[in-house]
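Presented below is the structure to which this report refers.
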Amino acid sequence: MVNKNRFGNIYLVIVFLVLYAPILYLMYYSFNSGGTMHEFEGFTLQYYKEVFADTRLIIIVINTLVIALLSSALATIIGIMGALAIHQMQNRRVKNTMLSLNNVLIVNPDVIIGASFLILFTMVGIKLGFYSVLLSHIAFSVPIAVIMILPRLQEMSPSLVDAARDLGASRMDVLTKVILPFIKPGIYAGFFMALTYSLDDFAVTFFVTGSGYSTLSVEIYSRARQGVSLSINALSTLIFLFTVLLVVGYYFIMRKANRNGKKEPAAEMGVPR
């Protein structure tokens with residue numbers, strides 16, 4: 001057992017080194033005054049100053065955050081309704097079919113999704129830009145939200161809903177005071193996962209962005225094609241640190257939710273005992 005645990009720890013260390021070594025390498029050379037990624041000549045914050053002085057880049061950052069927050073919020077709301085609809089289905093075959101269709105959208109290649117949206121927006125007449133990017137991000141974020149919320153619904157005891165109805169609660173009261181508080185951790189998880197996917201997406205966004213509108217992933221790609229610039233390293237470092245902050249924030253939110261979840265469900269959700 002000791003040897004197995006030691007082997008497992010070594011394996012984990014190797015995996016993390018493979019994953020994080022390129023990121024640390026990129027971050028290290030973002031402070032290189034030599035302007036290359038071959039030899040570190042000295043420490044400088046010049047490239048970070050260039051990032052913050054680039055007005056166009058700041059606008060793109062704002063565009064990316066607005067798209068990510070809006071699409072994640074709307075996708076989470078739609079995901080809640082979708083998860084509730086799937087959970088309440090009585091026909092097992094139909095329920096499994098809906099789950100399969102939902103999962104297909106997650107594992108489907110982003111290139112196919114992006115090309116499909118491009119064809120759709122062109123046929124419908126939607127101009128490529130803010131709305132096309134927003135709609136596409138909502139579309140691929142909804143299945144993620146459903147997957148994160150549905151397990152919490154399946155864990156909920158039907159007796160909670162039955163007790164609330166027996167006590168005279170309306171359907172809206174059952175939804176807002178019983179179901180939503182119980183699945184709150186899943187809602188948080190769905191929102192943060194959708195936010196991460198939206199910030200990270202390139203393939204779908206590349207197809208549906210028009211001239212004059214861009215997001216960070218597309219902008220970094222276009223700048224990287226023009227040649228190696230350490231401002232890309234600085235920008236990527238800032239994005240990585242922002243993502244780490246999101247993960248840490250999500251961890252503390254889930255930790256607090258789990259602590260609250262240890263309380264008695266009836267007392268927590270306002271259902272009289």
Side-chain angles (χ1 to χ4, degrees), residues 1-32 34 36-45 47-48 64 68 72 75-76 79 83 99 102-111 140-141 143-156 182-203 216-217 220-221 224 228 230 232-263:
M1 290 296 295
V2 174
N3 291 332
K4 288 183 179 180
N5 291 334
R6 186 178 300 172
F7 176 78
N9 293 333
I10 294 173
Y11 176 77
L12 285 176
V13 170
I14 294 174
V15 169
F16 280 115
L17 284 176
V18 171
L19 290 175
Y20 284 95
I23 299 176
L24 296 176
Y25 179 81
L26 179 147
M27 295 173 65
Y28 176 72
Y29 277 99
S30 68
F31 302 101
N32 184 20
T36 65
M37 295 182 66
H38 301 294
E39 184 178 353
F40 193 88
E41 298 182 5
F43 180 86
T44 182
L45 294 176
Y47 305 104
Y48 289 89
T64 304
S72 302
T76 304
L99 283 173
N102 182 81
N103 295 339
V104 165
L105 293 176
I106 298 177
V107 301
N108 199 37
D110 290 343
V111 175
F140 69 68
S141 297
I144 300 169
V146 171
I147 286 296
M148 301 304 293
I149 295 170
L150 194 57
R152 289 293 300 179
L153 283 172
Q154 294 172 344
E155 292 175 3
M156 185 176 65
F182 188 90
I183 66 173
K184 189 183 295 183
I187 295 174
Y188 285 142
F191 175 80
F192 280 104
M193 285 295 293
L195 184 66
T196 304
Y197 270 74
S198 179
L199 291 172
D200 182 63
D201 181 73
F202 167 75
L216 270 176
S217 58
I220 292 174
Y221 172 75
V228 176
L230 295 189
I232 298 177
N233 292 41
L235 178 60
S236 302
T237 300
L238 293 173
I239 296 171
F240 175 76
L241 294 177
F242 176 73
T243 306
V244 170
L245 287 177
L246 284 179
V247 173
V248 172
Y250 169 72
Y251 169 77
F252 282 107
I253 289 175
M254 293 301 296
R255 186 177 179 182
K256 183 178 179 181
N258 290 333
R259 285 180 178 177
N260 293 335
K262 292 179 180 179
K263 299 179 180 179

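Any value given below was found using the heavy atoms of this structure, including those in side chains, with hydrogens, waters and symmetry copies removed. Keep in mind it's a predicted model, so treat the numbers as computed, not measured.
Heavy-atom contacts from other residues, nucleotides or ligands closer than 6.0 Å to CZ of F16 number 12 or fewer. Heavy-atom neighbours of Y197 OH from other residues, nucleotides or ligands within 6.0 Å: at or below the threshold of 12.
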**Item:** Candidate pair N102 and L150, rule side chain to side chain contact (heavy atoms under 4.5 Å, CB included), full reasoning
**Value:** CA-CA 12 Å; N102 182 81; L150 194 57; over 6 Å; no
**Request:** Mind running side chain to side chain contact (heavy atoms under 4.5 Å, CB included) on F240 and Y20 for me, showing each step along the way?
**Result:** CA-CA 11 Å; F240 175 76; Y20 284 95; 4.1 Å; yes
**Prompt:** Could you walk me through whether F31 and T44 pass the side chain to side chain contact (heavy atoms under 4.5 Å, CB included) check?
**Reply:** CA-CA 5 Å; F31 302 101; T44 182; 5.6 Å; no
**Message:** Quick one, N103 with I147, criterion side chain to side chain contact (heavy atoms under 4.5 Å, CB included). Give me CA distance, side-chain angles, the key distance, then yes/no.
**Reply:** CA-CA 8 Å; N103 295 339; I147 286 296; 3.0 Å; yes
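Taken to the nearest 0.5 Å, the CD1 atom of I106 stands 12.0 Å off from the CZ atom of F140. Separation of atoms CG (N9) and CD1 (I14) is listed at 11.0 Å; rounding is to 0.5 Å. Distance check, rounded to the nearest 0.5 Å: CG of L195 to CG of D200 gives 11.0 Å. For the atom pair OH (Y25) and CG (N233), the distance works out to 9.0 Å, reported to the nearest 0.5 Å.
Across A75 and A145, no two heavy atoms sit closer than the pair O-CB, 3.8 Å. Looking at every heavy atom in both residues, A68 comes nearest to S198 through CA-OG, 3.2 Å. In terms of heavy atoms, A83 sits closest to I149 at CB-CG2, 3.8 Å. Nearest heavy atom pair, residue A203 against residue D110, reads CB-CB, 3.5 Å. N32 approaches F40 most closely through the heavy-atom pair OD1-CA, 3.4 Å. Of all heavy-atom pairs between S236 and L26, the closest is CB-CD2, 3.6 Å.
Judged as a salt bridge (charged side-chain N to carboxylate O under 4.0 Å, His left out), the pairs with a partner in residues 143-155 (not counting sequence neighbours) are, in order, R152-E155.
Of the possible donor and acceptor atoms, one in the side chain of S217 sits under 3.5 Å from a partner among the backbone N and O of D201.
With sequence neighbours excluded, the residues that form a side-chain hydrogen bond (donor to acceptor under 3.5 Å, both in side chains) with Y48 are S30. Remark: E41 engages no residue in a side-chain hydrogen bond (donor to acceptor under 3.5 Å, both in side chains) (not counting sequence neighbours).
The closest side-chain heavy-atom distance from I220 to I239 is below 4.5 Å. Counting only heavy atoms from C-beta outward, the side chains of M148 and T76 never approach each other to under 4.5 Å.
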